[in-house]
Amino acid sequence: MKDKKKLYKEVEGSFTSSSKANAHIYYKHLLPLKGQLPKKRIHVIFQHGMIEHQGRHIELYHALFKAFGEKLIISVMD
């Protein structure tokens with residue numbers, strides 16, 4: 001990624017799945033840098049396949065925040 005300017009903040013966590021194995025699902029929310037979220041916003045949720053990882057798409061997240069700015073929220077799960 002050429003432009004290293006921070007466009008969003010990250011909030012991470014996990015929750016227990018509903019499977020019998022009680023696996024934990026990791027998630028990350030990418031939020032606007034400003035404290036309060038706008039009333040009208042765009043929330044994009046990425047869910048990928050088994051051999052994928054959310055870290056591979058950082059350049060896409062960055063491009064989306066450059067395009068939509070403070071109106072955007074991105075959520076990803078691993």
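Here the structure is a predicted model, which is why all the values come from computation and not from measurement.
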Which atoms form the tightest heavy-atom contact between L33 and K6, and what is the distance? CD1-O, 3.3 Å
Rounded at 0.5 Å granularity, tell me how far CD1 in I45 sits from CD1 in I73. 9.5 Å
Fit a plane to each ring of Y61 and F46, take the angle between them on a 0 to 90° scale, and name the class: parallel (under 30°), tilted (30 to 60°) or perpendicular (over 60°). tilted
Distance, nearest 0.5 Å, that separates OH of Y26 from CE of M77: 12.0 Å
If hydrophobic clusters are built from ILVMFWY residues whose side chains come within less than 4.5 Å, do V76 and I25 share one? no
Could you grab the distance from atom NZ of K39 to atom NZ of K71, nearest 0.5 Å is fine? 15.5 Å
Using 0.5 Å steps for rounding, measure from the CG atom of L64 to the CD atom of E59. 12.0 Å
Please report the interatomic distance CG(L31) to OH(Y8), rounded to the nearest 0.5 Å. 11.0 Å
Start with the C-alpha distance between H29 and Y27, add both sets of side-chain angles, then the distance that settles ring-ring contact (aromatic ring centres under 6.0 Å, His included), and finish with yes or no. CA-CA 7 Å; H29 298 300; Y27 67 86; 5.0 Å; yes
Please check if the number of heavy atoms outside K9 that lie under 6.0 Å from its NZ is greater than 12. yes
Given side chains that start at C-beta, do those of I74 and F65 come closer than 4.5 Å, heavy atoms only? yes
